[in-house]
Every structure is written in structure tokens, then in C-alpha cells.
Amino acid sequence: MKFDRIYVEQSILDHPRTQTILASNPKAEIIHCERYGEVFNPKSQNFRFQKRKPALIIARKEGQRILPTPPDYGLGADMHFYFSHMLNCLYDCRYCFLQGMYQSANYVLFPNYEDFIQDIDATRIKHPEKELFFFSGYDCDSLAMESLTGFTDVFLPYFEDHPKAWLELRTKSVNISHLLDRSPIENVVVAFSLNPDSIAKSLELKAPPLAARLKAAEKLAQAGWKIGLRIDPIVCVSDAKEHYNQFLDTVWQHLPSPAIHSATLGSFRSPTSVFRRMENLYPEEPLFMKGMKNQNGMVAYEPSVETDLRKSVWDGLASKLPESRIFSCS
Ligand code: SF4
């Protein structure tokens, strides 16, 4: 992956991963900075414009690297955490909260993976009797930029050695060759974010089509990897029930129930300020925003719009999966 411009924090310049990235981008303009926030946070930036050709910012992740998930977000383990080795994403989903949350569409990569692993290890040691789940790809896609990040090369061996800690790789990518090249790991779930084809085509821009994602999931399942289905967010378009019914039929054609570790159903929810920024970025594309309600500082679908659809999709999942493997995440 090549960049025209790379910003590098002075404190991470000598890191071997930084040096590898710089060496593989000999034509890039390199700009040094003290803290990435100087480049990433200023309000005068145009997210939509930057998204056409984002720059890369390489920074050291300081502070709290591993965070507990909200109480209603989990997969049945004792404790759940999330972390992000990157901010921003190769893809351009219209419902993505990142575009409303960040001022900049530039990619931020935190290559100090050793510090993340140290914090995961400290969390694991602190809770020796507990089953822990770690979600990666909260502020990015876990696999889409693997050729740049080398994320799985570092994190998979750690989780392979610590079977009571689970890792979720959350993705829309079909970039799976590095997973197929190695043996599956019992406590790693490759979780594909999926939506009906019509919704993927209109809202999940630049992401691989549904058929390609399902094919990738199928190949991984055949190789023995555990697969997660992440229907998140569910999108209330016209005739949504029919779209989701057909979509689930297609999913079952590719993935037999035993290959599926878990399925989650997520709802679109956003702080009002973040939602307003998303609206302002793409005023001409109100598709998924129909039927939303602003209440107590949060924007979400009206219950009358969403509840019926959620039940229908839940029932569709439950027709093939035990309900103990289906989770509702907001
Ligand atoms: S794949 Fe996920 S992180 Fe990337 S743009 Fe879409 S919603 Fe955002």
C-alpha cells in the first residue's frame, strides 16, 4: 500500500515497523510531528475530501490501550474488551460512525503492538479464572490493511499461546490469505460484517461485495477457522424483511451452522452531534437515515421501525443457530 504523504511522530520513528513502512514508501513525503493530534484533530479539515486519498499518520498509542466494552456488548464470555491498532478505514460505509467522530479521514496506525500485547497480558493475568474476549477493529477494519499493518503476524501467535483469551478479527475484507496460510486458532473468531447485497451496494462503499465476503468466510470455515456473523447495523430500508430473509438464505448456502461461532445483531445508535456531522457530509444520501429519532442526545431508529425487523432477523438466525450463539449488541 503506497502513500504520497506520511506523518511520523518523533517518538515512534525508530520503531522497526515504522522503518519498514517508510522503506516501502520511498516516494512519500515524510513529515515529522510531535503528537499525531496536531495533524489529526484540527477542525478545519474536510473528511470527505481527505477520504479520496488519505495520508498515513504513524503514532505511538499511549494511555489506555485496552478498554472494557459497554455492558450490553458481548459474546457470553466473562469479560469483554476492545482495542484499536488503527483509526479510520479503507472502506467508506455511509453509516460508519468514524466519519462523524473524527475530523480527519487520514489513517492513523499505532505500530507499538508490543505495548498492546503487554496490556492484554496484564488484563489476562489480573483475571486468571475468567474467560476474556478482546475485540479488535473497533476504529478500523481488522484485516483490510494487513499488508501495511502486519497486525495478525503479532497478535495471532499471542492468542494461540493463551487459549483462555479470545480474539475477534472484525472485517469486511476478503484479504484472508495470511489466515489460510496458517493453522486455525481455536480462540480466534474471524467475524464478517454483513448486510443484504442491496444494502451493501448502496451503503458499504469500497467494501467487497457480499458474495465475495461470504466466499472468503466459506474458505476460512472449510480451513477450520471459527466464523462470526455480524449484522451490524441492521438497516431499515423498504421491504427490509424480504431483503434480510433472502440474505440469510444466501448465508446458509455458504456457511453451515457448526462453522459459526456466533451471530450478532446490532442497531444503529449515534450521539446527535456525531450523527449531524455524518448527515452534513452526505446530505444527498439520506437512505439509511429514514425513520430515525433523536432522543436524549442519541439518534436511533424509532422502535416502531426497527423492532419488527430485528425480531424477523433474529428468528431467521435462530432457525439455524442455537439462541445461545446469537447476541444483541447496541
Ligand atoms: S468497514 Fe467498518 S470501520 Fe470501515 S468504513 Fe465500514 S463501518 Fe466503518
Side-chain angles (χ1 to χ4, degrees), residues 1 40 45-57 67 69 73 82-110 134-149 151-152 168-176 189-214 216-217 227-237 247 263-271 274-275 277-279 281-282 285 287-289 292 299-301 329-330:
M1 194 160 192
F40 193 65
Q45 305 183 77
N46 183 325
F47 191 100
R48 193 169 168 175
F49 181 75
Q50 278 184 356
K51 189 77 190 167
R52 289 189 210 154
K53 196 152 185 40
L56 175 66
I57 304 170
L67 294 153
T69 61
Y73 196 102
Y82 69 96
F83 65 98
S84 293
H85 66 293
M86 276 196 82
L87 309 180
N88 280 331
C89 178
L90 193 61
Y91 308 135
D92 196 10
C93 304
R94 282 296 162 266
Y95 53 70
C96 182
F97 73 100
L98 298 175
Q99 60 195 334
M101 201 162 77
Y102 297 135
Q103 302 297 330
S104 168
N106 290 334
Y107 304 120
V108 182
L109 173 67
F110 302 114
F134 294 89
F135 297 102
S136 69
Y138 179 76
D139 291 292
C140 61
D141 182 290
S142 298
L143 299 180
M145 295 175 75
E146 180 66 18
S147 62
L148 171 82
T149 65
F151 173 76
T152 58
E168 174 180 292
L169 301 167
R170 171 75 73 102
T171 194
K172 287 189 177 92
S173 173
V174 296
N175 190 8
I176 54 164
V189 178
V190 189
F192 284 86
S193 297
L194 302 171
N195 251 313
D197 196 38
S198 53
I199 293 172
K201 276 191 182 122
S202 54
L203 296 179
E204 297 174 350
L205 307 185
K206 299 189 189 167
L210 173 68
R213 283 181 239 171
L214 285 174
I227 302 300
L229 304 180
R230 304 290 175 256
I231 306 172
D232 187 359
I234 194 166
V235 182
C236 302
V237 289
F247 154 71
T264 60
L265 254 183
S267 290
F268 179 87
R269 292 216 180 338
S270 165
V274 171
F275 185 79
R277 286 200 66 223
M278 291 166 66
E279 259 185 331
L281 279 175
Y282 296 98
E285 290 192 49
L287 180 60
F288 86 98
M289 299 179 179
M292 299 257 180
V299 176
Y301 281 116
C329 297
S330 314

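Whatever order the structure lists ligands and atoms in, that order sets their numbers, starting from 1.
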Taking S84 for the side chain and D139 for the main chain, is one N or O donor matched with an acceptor at less than 3.5 Å? yes
S270 side chain to F275 backbone, donor-acceptor under 3.5 Å: yes
Neighbouring protein N, O or S atoms of atom 4 (Fe) of ligand 1 [cut-off: under 2.8 Å, no waters]: C89 SG
Under 4.5 Å between any side-chain heavy atoms of R277 and Q103, yes or no? yes
Tell me, do Y91 and E204 make a side-chain contact under 4.5 Å, heavy atoms counted? no
Before we go on, tell me: are the rings of Y138 and F97 under 6.0 Å apart, centre to centre? yes
Y73 ring center within less than 6.0 Å of F135 ring center: yes
